[in-house]
Protein chains: 2
Amino acid sequence: MVSLDEVARAAGVSSATASRALSGRGHVSAVTRNRVSEAAEALGYVVSSAASSLASGRSRSIGVITPDLHRWFFNSVLTGISDTLTRAGYDLTLYNVTSDPQLRREIFRAFLRRRRVDGVVVVALELDEWETEQLHGLGMPVVVLGGRPRELPGMAIDDQGVTRLAAEHLLTLGHREIGYIGGDQAFDVDYHVPTQRREGFNHALAARGCDPQQAPSGVADFTIPGGYAVAKKLFGTPGADLTGLVAASDEMAIGAMLAAKDLGIQVPQQVSVVGVDGHELGELFGLTTVDQHPVGQGRIAAEHILARVEGEGNGHTDLPFELVVRSSTAVAKKTAQSE
Amino acid sequence: MVSLDEVARAAGVSSATASRALSGRGHVSAVTRNRVSEAAEALGYVVSSAASSLASGRSRSIGVITPDLHRWFFNSVLTGISDTLTRAGYDLTLYNVTSDPQLRREIFRAFLRRRRVDGVVVVALELDEWETEQLHGLGMPVVVLGGRPRELPGMAIDDQGVTRLAAEHLLTLGHREIGYIGGDQAFDVDYHVPTQRREGFNHALAARGCDPQQAPSGVADFTIPGGYAVAKKLFGTPGADLTGLVAASDEMAIGAMLAAKDLGIQVPQQVSVVGVDGHELGELFGLTTVDQHPVGQGRIAAEHILARVEGEGNGHTDLPFELVVRSSTAVAKKTAQSE
DNA sequence: ACCATATATGGAAGCGTTTCCAGATGCCAA
DNA sequence: TTGGCATCTGGAAACGCTTCCATATATGGT
């Protein structure tokens, strides 16, 4: 492996100047810079990250902590982050949090503190107090995506807004008997994504004079099988003549559509379904959804952390989302019940 | 951030001894080791990866190059790798190759050569000659998962074997009119996954006296929508009375099942479908598949690269796979055509 | 009792950069 | 011409570890 010294020698300058020439920091004449660049190119020189980090205190790497990579939302965000970091010349150090609590603890206790990264992006994790504390103790920029933790800068969509928008869409189409599939609020340590989304749904219904407490609803794990199981129950419940269904994730919505199909219920003729996310499979299923552009979120989060690492601080950010209407929703048929 | 020197001072030893005590390399008495460990614990000391790498030449980090994180197979493998590396105390540096050829090139030209990683796992990438060369030039262990590149140690399932097994399953059930959905063999630079899988299918059919050339087949991109589109054509083709279908990935198989449902074709009563992968959604759809345990593959690849990094070399490895029979396949009904 | 060997420890030399500091050079204004 | 300032460059000191080497002490065989 060629070292900076060899490049400097080849270019006839000191290693100090070579370093300045290649990093762009400090004054170097144009001629010198060119000679050094050419020498570096010719020798195939690449800076040693270890030496560079040690000397400069910056590693040009960002840590990303994510849960379950199988879930489309998370791997989409990760894709966006990765793309932006690569373009900026940064490495991405991935910490995939699994269900093993000991490993999870170790990530916060040791891995993050090795100074291998200049900043951390936390993707949609429910952080407990100790973890938040550890993150603070790192003394480096941290951005939390998909949550509004107490004391860390974060970026999130308006989690009430998305489900409110979804429900309003159905209400506007004339639906009154609307069901809901959400997440388990018991695990809501801090950010309350499941709680917020339910709230948004409730508000929308209440605003139109429907009692949200009466809405048939169920709890699932945001996955297709989860949504499928709950939807089978909801659709099968006698007396609950749902004409509309809001799911807190597209995967659950897709599960619900599959359940409807298996039960011989037609979408959207008999029941309209709306999801939240903007899942890539939404198109295939014709799913109407509130798209929250997860890849874009990853990009924004990455840009944000890079800015923070480079000194330009800023705080909370709201992320955009939009309703994408496809064929899983339609105007409600007039029935006896509807006013 | 507390340094090793402070720990050493607190424990009343030299930094050399402290280093040995914490790393476990070299001779340290039990008492000393304990005192140092306690001091480190008390001070919350964590080694600086940069300093450690620079001094030792090892970074305790493994690079992973993967394509499209949206595809279940890849994020499953990544999950397995991540889990194993974390348990071993290694970091994972993720290089997600996108469709941008310039970024891809940059990963091989610069990113990997910063000596940030001790070894590289390449997941199912078609490497061109230059890329292979770069990988060699790294002078560090490389493992290629899901492919048998010319000159790099790799691990792969028997790609002919999986589709042969899938096809044999259908043949054994009495099917004779079997279709196939595979990948585009034009992109087959090196590893020939699409080609190998097609070969396996062909061999199985030929062995039972069916002409594989006659088998109705189509090409897709291994995704659900891709499989859906091709299957719609295959099922809709007049004259081709398929009773069985082999797909080279579970996602395409699931797409095919959805297409069948939309066309009013019953699975498995009218057509049996087999996939390859072991996709988590297989259970929901009752998909019969050849499970290749992707998470396990990730684990094996990670263990392999760790062994190599630590010096214990070894070569190619075959990976296990197995037929998982669910409800998407059934005995073929006797028809006029069947012998 | 003594030498050979194994075990423990500290001093100090790196590892390959970055960056501070000081000196050199060039240019412009007075 | 000369002082003053900005620009350029090199020497050398970090950065925080690991590890070689030398020294010191314990262990065991004869």
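Chain naming here is simple, since letters A, B, ... match the order of the sequence lines and numbering starts at 1 in each. Please read all numbers here as calculations on a predicted model, not as lab measurements.
Side-chain nitrogen and oxygen atoms of B:S19 include at least one within less than 4.0 Å of the OP1 or OP2 phosphate oxygen of D:dT18. For B:T17, a side-chain nitrogen or oxygen approaches OP1 or OP2 of C:dG10 to under 4.0 Å.
Of the residues in residues 51-60 of chain A, A:A51, A:S52, A:A55, A:S56, A:R58 come within less than 4.0 Å of DNA chain C through at least one heavy atom, sorted by number. Listed in residue order, the members of residues 33-50 of chain A having a heavy atom less than 4.0 Å from DNA chain C are A:Y45, A:V47, A:S48.
Contacts classified as ring pair (Phe, Tyr, Trp, His ring centres under 6.0 Å) and involving residues 43-72 of chain B (residues at least two apart or in different chains) are given here: A:H70-B:W72, A:W72-B:H70, B:W72-B:H279. Note on residues 99-108 of chain A: pairs passing side-chain hydrogen bond (donor to acceptor under 3.5 Å, both in side chains), not counting sequence neighbours, are A:D100-B:R87, A:R104-A:E131, A:E106-A:R109. Sorted by first and then second residue, the salt bridge (Lys or Arg N to Asp or Glu O under 4.0 Å) pairs involving residues 36-58 of chain B (not counting sequence neighbours) form an empty list.
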Identify each atom pair where a protein N or O and an N or O of nucleotides 21-25 of chain D are less than 3.5 Å apart, giving names and distance.
none

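Shown here are the side chain to side chain donor-acceptor pair (under 3.5 Å) partners of B:S14, two or more places apart in sequence or in another chain: B:T17. For the ring-ring contact (aromatic ring centres under 6.0 Å, His included) test, no residue two or more places apart in sequence or in another chain qualifies with A:H293. Take B:D91 and apply the salt bridge (charged side-chain N to carboxylate O under 4.0 Å, His left out) test, not counting sequence neighbours, and it matches A:R114, A:R116. Not counting sequence neighbours, B:R113 has no partner by the salt bridge (charged side-chain N to carboxylate O under 4.0 Å, His left out) test. Under the ring-ring contact (aromatic ring centres under 6.0 Å, His included) criterion, B:H136 pairs with no residue, sequence neighbours left out.
Each end of the helix from C:dA1-D:dT30 to C:dA30-D:dT1 gets its own axis from five base pairs, and the two axes differ in direction by 30°, given to 10 degrees.
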